[in-house]
Protein chains: 2
Amino acid sequence: MRVTSDRALDHPRREDIRLEAVLHALSDPMRLRVVAFLSGVDDEGAPCSAIDLVVSKSTSTHHFRVLREAGVISQVYRGTAKMNALRRRDLDELFPGLLDAVLHARAAQRRREGDAEPVPF
Amino acid sequence: MRVTSDRALDHPRREDIRLEAVLHALSDPMRLRVVAFLSGVDDEGAPCSAIDLVVSKSTSTHHFRVLREAGVISQVYRGTAKMNALRRRDLDELFPGLLDAVLHARAAQRRREGDAEPVPF
DNA sequence: CTCGTACTACGAGGTTTATCGTACAAGGGT
DNA sequence: ACCCTTGTACGATAAACCTCGTAGTACGAG
């Protein structure tokens with residue numbers, strides 16, 4: 001993962017990730033959508049702009065920060081972009097099965113509601 | 001499950017339970033504690049007073065209501081008490097593995113933090 | 001150096017939340 | 001009937017949250 005800027009971002013260490021914070025981060029539809037999207041992306045991650053939330057840029061920034069501060073995603077600057085990746089390894093180690101259960105639950109709910117779209121997010 | 005009062009309480013139907021609402025309900029430490037406690041209780045459920053949250057009665061009522069309205073627990077009057085039970089069957093059917101993952105995650109977190117108490121909640 | 005892209009910082013608005021205290025209702029036991 | 005136990009309703013307060021717009025920074029490309 002090449003970093004082309006030394007601007008640093010605070011991430012909680014794995015052992016400081018709190019279940020309550022993770023659940024809270026996942027309880028927002030926007031953020032759940034981001035997580036679902038990132039779950040289908042490789043370790044390099046994707047820039048914030050890769051997923052079209054239907055909100056303003058500031059709101060988008062806000063949601064990505066909530067996810068980062070909860071320990072759900074990692075963010076790294078690369079040029080003018082900021083790459084976002086799921087902290088799948090950390091989450092799976094801390095809370096085995098949780099992330100998968102949430103992702104499957106969301107997928108199931110979308111199926112039930114006929115929201116299935118060609119894109120998986 | 002004997003009901004000794006006809007006072008009715010609104011519960012979402014199973015198909016109306018929303019993942020976001022469930023995750024939100026579970027993202028509060030008090031409520032997570034309630035759920036962990038109820039997971040070790042039979043289908044009859046337990047009265048609100050069975051678990052000692054360290055908050056006022058009104059706050060306690062509030063948390064139980066949030067759990068009920070999210071579809072996480074069911075509540076039934078029985079005499080002066082109100083019996084609370086996890087809607088495990090509904091949740092497991094809608095979101096397989098989610099509840100267990102959350103409960104295990106919480107237990108693991110407590111173990112890591114040395115919060116293990118004799119009581120399992 | 002200037003421009004465009006990608007994102008941030010700050011502050012504001014409106015909503016929801018967690019908490020409490022007080023006052024009240026419903027039901028069981030004496 | 002009268003209490004005691006259990007939980008509710010209502011109103012208040014302070015904090016957190018989601019949303020936005022505007023103004024600004026960092027970086028790469030030309």
Side-chain angles (χ1 to χ4, degrees), chain A residues 2-11 18 20-35 37-38 44-70 72-85, chain B residues 2-11 18 20-35 37-38 44-70 72-85:
Chain A
R2 277 181 77 68
V3 180
T4 60
S5 163
D6 55 358
R7 280 181 289 169
L9 288 162
D10 268 0
H11 292 77
R18 308 241 55 216
E20 296 85 348
V22 170
L23 292 175
H24 173 249
L26 296 178
S27 72
D28 181 280
M30 295 286 175
R31 294 193 290 257
L32 208 41
R33 197 160 162 227
V34 169
V35 169
F37 173 72
L38 290 180
E44 277 281 298
C48 298
S49 53
I51 173 173
D52 181 34
L53 305 178
V54 213
V55 293
S56 73
K57 277 195 298 181
S58 0
T59 302
S60 180
T61 297
H62 162 70
H63 286 306
F64 277 97
R65 176 168 22 187
V66 171
L67 286 169
R68 172 171 47 84
E69 291 179 345
V72 178
I73 66 172
S74 62
Q75 298 189 293
V76 168
Y77 283 106
R78 198 157 93 181
T80 107
K82 189 151 86 172
M83 302 302 281
N84 304 277
Chain B
R2 278 181 76 70
V3 180
T4 60
S5 163
D6 54 358
R7 282 181 289 170
L9 288 162
D10 268 0
H11 293 77
R18 306 241 56 215
E20 297 84 348
V22 170
L23 293 175
H24 174 248
L26 296 178
S27 72
D28 181 279
M30 294 288 173
R31 295 194 290 257
L32 209 40
R33 198 160 162 228
V34 169
V35 169
F37 172 72
L38 290 180
E44 276 281 296
C48 299
S49 55
I51 174 173
D52 181 34
L53 304 178
V54 214
V55 293
S56 72
K57 277 193 302 178
S58 357
T59 303
S60 180
T61 297
H62 161 70
H63 286 306
F64 278 97
R65 175 169 23 186
V66 170
L67 286 169
R68 171 171 49 83
E69 291 180 344
V72 178
I73 66 172
S74 62
Q75 298 190 291
V76 168
Y77 283 105
R78 197 157 92 181
T80 108
K82 190 153 84 172
M83 302 304 279
N84 304 276

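The structure displayed is predicted, hence computed values, not measured ones.
Take the nearest nucleotide of DNA chain D for A:K57 and for A:H24: the residue whose nucleotide is more 5' is A:H24. For the pair A:M30 and B:C48, both in contact range of DNA chain D, the more 5′-proximal nearest nucleotide belongs to B:C48. Mapping B:T59 and A:A46 onto DNA chain C by nearest heavy atom places A:A46 at the nucleotide closer to the 5' end.
Residues A:L53 and A:R33 approach most closely at CA-NH1, 4.0 Å, considering heavy atoms. B:A85 approaches B:G45 most closely through the heavy-atom pair CB-CA, 3.9 Å. Here the closest heavy-atom approach between residue B:P47 and residue B:A81 is recorded as CB-CB, 4.2 Å. B:C48 and B:Q75 get closest at one heavy-atom pair: SG-NE2, 4.4 Å.
Residue A:E69 contributes atom CD, which lies 12 Å from atom P of D:dC18 at whole-angstrom precision. Atoms CG (A:L9) and C1' (C:dC7) sit 11 Å apart, rounded to a whole Å. Atom CZ in B:R68 sits roughly 13 Å away from atom P in D:dG7 (whole-Å rounding). The separation between A:L67 atom CG and D:dC18 atom C1' is 14 Å, rounded to whole Å. In this structure, B:L32 places its CG atom 16 Å from C1' of C:dA18, rounding to the nearest Å. Atom pair A:D28:CG and C:dT16:P shows a separation of 14 Å (rounding to whole Å applied). Atom CZ in B:R65 sits roughly 14 Å away from atom C1' in C:dT19 (whole-Å rounding). When rounded to the nearest whole Å, the span between NE2 of A:H63 and P of D:dA16 equals 18 Å.
Regarding contacts with the backbone of D:dC18, a side-chain N or O of A:R31 is found under 4.0 angstrom from either OP1 or OP2. An OP1 or OP2 oxygen of D:dC20 is reached within less than 4.0 angstrom by a side-chain nitrogen or oxygen of A:S56.
Considering B:L26, B:V22, B:D28 in turn, B:L26 is the only one that fulfils the side-chain contact (heavy atoms from CB on, under 4.5 Å) rule with A:L23.
Nucleic acid contact class of B:S49 (heavy atoms, under 4.0 Å, all strands): sugar-phosphate only. Across all strands, B:H62 comes closer than 4.0 Å to base atoms (heavy-atom distances).
Looking at B:S58, its side chain comes within 3.5 Å of the base of C:dG21 through a donor and an acceptor atom.
Across C:dA6, D:dG7, D:dC18, the shortest atom-to-atom separation from the side chain of A:T80 is found for C:dA6. Minimum atom distance to the side chain of B:V55 is reached by C:dC20, of the listed D:dG7, D:dT5, C:dC20. Considering only the side chain of A:A81, C:dC7 comes nearest among D:dC18, C:dA9, C:dC7.
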